[in-house]
Every structure is written in C-alpha cells, then in structure tokens.
4 protein chains.
Amino acid sequence: MDIATRHHGNRHGRSEAARVAVLEAADDLLVERGFAGVTIEGIAARAGVAKQTIYRWWTSKIAILFDAMLADAAEHFSPPDHGDLGSDLRDHLRQVATFLTATDAGAVCRALAGQAQHDPAVAAQFQSEFAAPQRERDREPFLRARRRGQLSQTEDIDLAIDQLVGPIYYRVLITGEGVPPEFTDALVDRYLAPIRDTLS
Amino acid sequence: MDIATRHHGNRHGRSEAARVAVLEAADDLLVERGFAGVTIEGIAARAGVAKQTIYRWWTSKIAILFDAMLADAAEHFSPPDHGDLGSDLRDHLRQVATFLTATDAGAVCRALAGQAQHDPAVAAQFQSEFAAPQRERDREPFLRARRRGQLSQTEDIDLAIDQLVGPIYYRVLITGEGVPPEFTDALVDRYLAPIRDTLS
Amino acid sequence: MDIATRHHGNRHGRSEAARVAVLEAADDLLVERGFAGVTIEGIAARAGVAKQTIYRWWTSKIAILFDAMLADAAEHFSPPDHGDLGSDLRDHLRQVATFLTATDAGAVCRALAGQAQHDPAVAAQFQSEFAAPQRERDREPFLRARRRGQLSQTEDIDLAIDQLVGPIYYRVLITGEGVPPEFTDALVDRYLAPIRDTLS
Amino acid sequence: MDIATRHHGNRHGRSEAARVAVLEAADDLLVERGFAGVTIEGIAARAGVAKQTIYRWWTSKIAILFDAMLADAAEHFSPPDHGDLGSDLRDHLRQVATFLTATDAGAVCRALAGQAQHDPAVAAQFQSEFAAPQRERDREPFLRARRRGQLSQTEDIDLAIDQLVGPIYYRVLITGEGVPPEFTDALVDRYLAPIRDTLS
DNA sequence: TTTTAAACGAGACGGTACGTCCTGTCTTGCT
DNA sequence: AGCAAGACAGGACGTACCGTCTCGTTTAAAA
C-alpha cells in the first residue's frame, strides 16, 4: 500500500483516499443529478468523508470540480502530428468537441463555465486553470506548422483559434446543437481556404 | 394613472406595479450582487412584494430573469441595412458584442447562459426564448444579401453565423477577453475573403 | 377545530400545534435520553417541526425546557389549608418533594437547576421564573398561620423556608438520597419544636 | 527539578507537567468562560498539550474538573475544635459557605453539581468523590461533641447535617442569594435551641 | 553505548449539532 | 381575486468540538 493512502489522520497531511473519494463523488453527483445536486453534504455523504475534511482542503464545491476536471482535461488532449496543418487542426478540433460533449470532465467543464458567468472569482480561476492551458494546446498545431515553414510568420494565431474553437463552444454552450466532425472539418476548410496559397 | 397600475389587491388581475417592481428588483440584484445574490426573498423584499405574489406569476428566479431580459434583447438589435453584406455584418456583430458585454440585459443573458449549463430546462428555455429569435436576427443580413443577389443560394448561412458569432460568445463566456470592434471586423473580413468573388 | 390550532403558517402568529409538539418533544427527550440528548435538531425531528420554527420562538433549548416546566410547576402545587401550620407545612413539603423527585416537570426543573450552575443567564431566569414564584408558594402556609394568629409577627419566614425546603433540594441535587415523607415530617417537627409555645 | 516534571515523552509514565497544565487550563477556562467554554480542544490548546494526551489520562472534561477540584476541597476544610458544638458548627458552616461561594474549587464544585443533574454517572461520581467525603467532614463536629459527652447518643446526626448544610447549598444552587455568616450562625442557633438542655 | 518502547506534540480523520439562510407552500385580512 | 405579510416544513450552508487515529520526536531504562 502506498504511503499516501495508508494514513487517515496524521501529521503528514491529507488522506489521499479521502481526496480521491471526494473528487469521484463530486463527479458522480454532477453527472447524475446536475450542478444543483452537487452539495458539500452530498459529496461528504457519498464519499464517506466528513464535511470538515472537505472544508479543510477545498474552499467550495467549485474548487472540488476544478480538481476533478483538470487532470482529465490535460490527459484528454493528445497533440496531433500529421505533418500537415489541416490534418492537425481537424484532429484537434474533433478532440475539443469530443471533450466538451462526450466526457465526464467535459460535463464538469461546462458546469464550471456556467458558474463562471455567475461569479468573477470562478471566471478568473476558469481562465487561468482551464482556458489558458487549453489555449496553449490549441496553439500547438499552428506553431508546429510554422516551424515546418507551412504557416506565415504573420498569421494571427490567436484570431485563428477564436475562429476555430469559438464556434464549437458556441454550439455547446448556447445552441446546444451538438458538434459533429463534419462541423469541425467545415470550420477548418473555411479557415484554410484563403491561406491555402501560402501553404507549400 | 393606468388601470393596470391602479390596483394592488383587487379582483381585476395582476398588479402591473408588482410585476415591474419584481423585474427591476431582480435586475438590480443581479447587477449589484451577482447571480447568487438574486433570491426570491431578496427580490420580494426589495420590490416590496410578497413572496407568494412572485410564485403566483413566475416559476423561479430564472423565469423572472428571462422576463427581465427578453424585451430588452429584442429592443437592442436594430436590423442594419447598408445595402452591403460586409457593412451589415460588421454592424450586426458590433451590436451583438455590445449587447453581451455592455448592457444590463446582456449581463442577465450571460447569467442565464451560465445557468443553462446547470439545468437542461433552463437550457431549453434559453434556446427557445433567446437563442432561436436571436438566430433569426443573425440571419437577417444574409437573407437581405441573398435577396439582393449578393450572396449565393448555396451559401450555408447557419454555418456562417456559427463562424461569426461563435467567436464572440467564446470570448465573452470563456476567455473573458472583451470583444472590440476590431475583432468583429476581422471576423467579417476573414469570412468574406473567400466568397468575395461571388459578390457582385 | 380551535382557531389557534387551525393555522400552520399565517399572519396571526404562531402555530399552537407546533408549540405544543416542541414542548412535548423536549420533555420526552429529556426523560428518555437525558439533558445531553435534548438537541434542537432532535426536538425538531421528533416534533415534526423545522429548526427555524424553533429558533423563531425560543432562544435555546433551555428556553424550551422552561416553557415545558413552568405551567406544570404551578399546577402541581395546591395550597394546603388544614387550619394548622404543622399540617400545612407537612403537606406542602411533601408536595415539594414529590414535584422534584417524581414528576416530569420536576425532572426538567432539576436539569434547569443544573444548567443554572453553568450559565448565569440561566440562573437569572431560573430565579425569576421558578424560584421566586415557588418562594411565594412556600410562604403561603406561614402567611396563613400568621393571619390566624398562630404565628408570631416577628418570625423570620424566609429563614424558616430556607431551613425547611433547603434540605429537600440538598438531598435531591447533592446527595441523591430521595426525600421520603418521614424526612419532610421530621423537618417540620424540628422546626416547630422551639416555637410550639407560641402557637395557641 | 523533580523527576516527575523532567520527562515529556518517555516510557516511564505520565508527564507531571502535562497533568498540571491540563488541570490549570481547565480551571482557568471554567472561571473565564464558564462550563460551556471548557472544551477538550480548548484545554489542549491552552495547556500546550495534545488532545490525545488528555484522552490518555482522563475520560472526559468532567473527570478533569473532578481532579481539579478534589485536592482543593480536602485542603479547604480544617476541622474546627473549640471544645464546643455550637462554636464548631458555626466555624464549619462558615467554611462550607466560603468554599462554595468564594473559591475556585467551589466554582468547579458547583459546575460539577450542575452536571450531576444531567448525567447519572456524574451524579454517582460526585456523590462518591465529593459528597461522601464531605459528609464525613460534616460529621466531625458532632462526633467530637458526642465523644465529649455533649451530644446525646440518640441524636440523628445525618438529619442534623441535612438541616444545617442543606439550606447553604439551597441558597447557593437555587436562590443564588449568597450565604453570609449571619445566615449560617442563625442556622446553628435554631438547631441548637431545642437540644440546649441536653448539652453540658 | 546502543536499542527500544512509552508518552508526547501535532493534527487529519469520520462524525454530530449548531445557528443561519433560502426554498416553495400555506393561510390569513385588507383592498 | 390579487395582494402584503409572514409562519410553516425542509434542506444546505459553514463552524465548532467530539473522540479516534497515525505520525515523528523525546526520553531513560534495559540490553
């Protein structure tokens, strides 16, 4: 048994078992009962943990959900590398769509994005802990293309990202229409059309 | 004095004064204290209205906020008509950005969009009462251009809208970066580039 | 159905049904589980009442217990009148002993006397709401005897009461020995011995 | 430095320093914040001791308070010997009154007497560890008088004690009036009046 | 001198109850 | 009939202590 999981109350700090149980309970409750069904008391009861233990390590249920999401979010994205910007973008946008619409972490992400609209502090945390790292992942295909000499040095990458992932989030958060591969592929096609000449 | 405002406890139907007071109280509370600060009890107290009166006419605080937003949203948008798709789109996207980032109704809209992430019923209402009518407004410039013969009959208007307004919502809801006219203008420029040939 | 019991939430004030249920629940819990077993949550659960309803009308579980005791305490004592100080005192002291050792209200009284040792505010309330009225009841036999001319005007009645009821409380609260009639009768005999001459 | 105070963690028995610190902390907290302010956590924090150390040596905060009181109670009482029952009783009753009303140990004693009303186990401990030894001390003057031939062999000493100290506890615990020497002296006078003939 | 085991401080743990806030329902008397 | 008022049952909040536990350190008797 791992040292971190062996202890349930000790001077070495927190119980890993409790931490994991809380994150899983929060995740389960969100999926099963929705955001309003995620309560500290409910998490504590389901995780078999005392409320005080939760309050000792997290400031709010939002903080728990961030913890529950972040690792998964990072794991979900595998940087594509097909040696071609178009292929890489198509691949990446599909990953983004899949993450948001078809994973538990994506469900948590949507809930947090929702809560960010209600609370500036959540918005700031969402920005720094999810949006910014995600933006780095979004940039990867472009930077790679640029390194290959396939993309102009003057191309505004951030604008391109807004154009490409913006519509995905829009459909997920606003219209609720679903984001099929045809949609993301079409986005890439439209984006690449005017700059196709600059590609080798 | 208007008939509707004359009665406060009567047999002549609901009190317009109470209705207005509730909507304003909800709006004020949202702006002053954020979404969590909007409670039925708080609205009732600020509006000088009994809780029961609120429950009689609205199903939840969400319903109140929808009421508070919808009229303003419709009023905000004035269909542009410069006889040119580019100009109309630039104008319209600026209106969208202004609505979302700089109006009270936009603040309510963001809050409701947030809540839609937590509650499918809210999402459905948001879709039908805000997103769908708004989509109609978004289509206007394209339909006008098509009627003018400036836009191909085969152009996928809904995809175009996703491409154009999606990035605006994305910046508002996810990155929180703000949406200056330069940004929306650039979106239009990029959109029009490949189809410029099809324009007269 | 009585007006007072008909309403459960209205502008006429509190629900008599809730009031009674709370007092009975508190009483039952004290008898069944002891003072530590009397909790606001426990009372609320057993009475089928919301905690907030309790906090609306009582400041603490102590206040509830006072309410539960006071009416019973007044009812318990029937002023004796045998036309004779000795008989009256014997009767009264037996009533005191019975109240303290053999009634539910007496159990509550002992608990409150206990809590008065822990909290000056409780002590003050105990003094004004129980001890003072009880002292009036204790004085009755002496005042009656004095009116009959059977007791000297100079007799120190309060000292006499301290002498007569003090030992009863002492056995109840400190030694826990029980207070049989033989004991209270002996107290009266010893008290009357030196002043027997003054009696007609 | 004493052996017992030299050790703080060892295999040779408990730390005297910790024991004393705990008792003093409990005493201080009782006096400063009242019975409810005496918590194991509070004692541990103030004594600079781990909670576990407290639980190792005491079963509850009640046990700590008993420890804190008992030595002082025994020390407080110096058996009077004036060769006269009246003088001895007057002296002793004043000591009882002083102990209960004017010493820290008396404050603890009152608190424990209070808690005894809530918990039969405390009552039993109070009876065996305080009331019974105290009763022995109360008997001393009578036994001495009897040995001197000044008190009848048939006199009911326990009844006499109930009559004499009962009113003192009554005033301390119930009426809160204070117990001046005039009061205890009057008790003795009234007690001795009818049996004065049997003396000397 | 080294080992070793009891007591120590610290503090995390699963819990219970606290007193507060808000929910949605209700019942009244007034207009 | 609609209204302001406000009491009601219910449930989650975040806090304070409870009593239990595990840890790493201190210590002095035993080896």
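Since the model is a prediction, treat every value here as computed from it, not as a measurement. Proteins get letters first, then strands, A, B, ... in listed order; numbering begins at 1 in each.
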Of the options [options], whose atoms approach the side-chain atoms of [X] most closely?
X	options	result
A/Tyr55	F/dT15, F/dC18, F/dA9	F/dT15
A/Thr39	F/dC13, F/dC8, E/dC8	F/dC13
A/Arg56	F/dC18, E/dG24, E/dC13	E/dC13
D/Ile40	F/dC18, F/dC13, E/dG9	F/dC18

Shortest non-hydrogen contact from [X] to [Y]?
X	Y	answer
D/Ile54	D/Ile43	CD1-CG2, 3.8 Å
B/Phe126	B/Ala116	CB-CB, 4.3 Å
D/Leu65	D/Val108	O-CG1, 3.4 Å

5' precedence on DNA chain E between B/Ser60 and D/Arg19 (nearest-nucleotide basis): D/Arg19
Report yes if at least one side-chain N or O of [X] is closer than 4.0 Å to OP1 or OP2 of [N]; otherwise report no.
X	N	value
B/Thr53	F/dA4	yes
D/Arg14	E/dA6	no
A/Trp57	E/dA12	no

Is a donor-acceptor pair below 3.5 Å formed from side chain D/Gln52 to base E/dC8, judging by atom type as modelled? no
Check whether the side chain of A/Lys51 and the base of F/dG14 form a donor-acceptor pair under 3.5 Å. yes
Taking atom [atom2] of [N] as reference, at what distance in whole Å does atom [atom1] of [X] sit?
X	N	atom1	atom2	result
A/Ile43	E/dG14	CD1	P	14 Å
A/Glu41	E/dA17	CD	C1'	11 Å
C/Ile54	F/dG10	CD1	P	12 Å
D/Trp58	E/dC8	CH2	C1'	13 Å
B/Ile62	E/dG24	CD1	C1'	15 Å

Taking the side chain as C-beta and beyond, is there a heavy-atom pair between A/His118 and B/Arg110 under 4.5 Å? no
Start at the 5' end of DNA chain F and walk down; is the nucleotide closest to D/Thr59 or to A/Lys61 reached first? A/Lys61
More 5' along DNA chain F: C/Ala50 or B/Ala50, using each one's nearest nucleotide? B/Ala50
Under a 4.0 Å heavy-atom cutoff, the residues of residues 25-37 of chain C touching DNA chain F are none
Spell out, as yes or no, whether a donor-acceptor pair under 3.5 Å connects the side chain of A/Gln117 to the backbone of B/Leu173. yes
Counting N and O atoms only, with roles assigned by atom type, does the side chain of A/Lys61 sit under 3.5 Å from a partner on the main chain of A/Phe35, one being a donor and the other an acceptor? yes
Looking at D/Glu41 and D/Arg46, does any basic side-chain N land under 4.0 Å from a carboxylate oxygen? no
Donor-acceptor pairs are to be reported for all side-chain atoms of residues 18-27 of chain B against protein atoms at under 3.5 Å, with residues two or more places apart or in another chain.
unit_1	atom_1	unit_2	atom_2	d
B/Arg19	NH1	B/Glu16	OE1	3.1
B/Arg19	NH1	B/Glu16	OE2	2.5

Please classify the nucleic acid contact of C/Gly42 as base, sugar-phosphate, or nothing, using heavy-atom distances under 4.0 Å. nothing
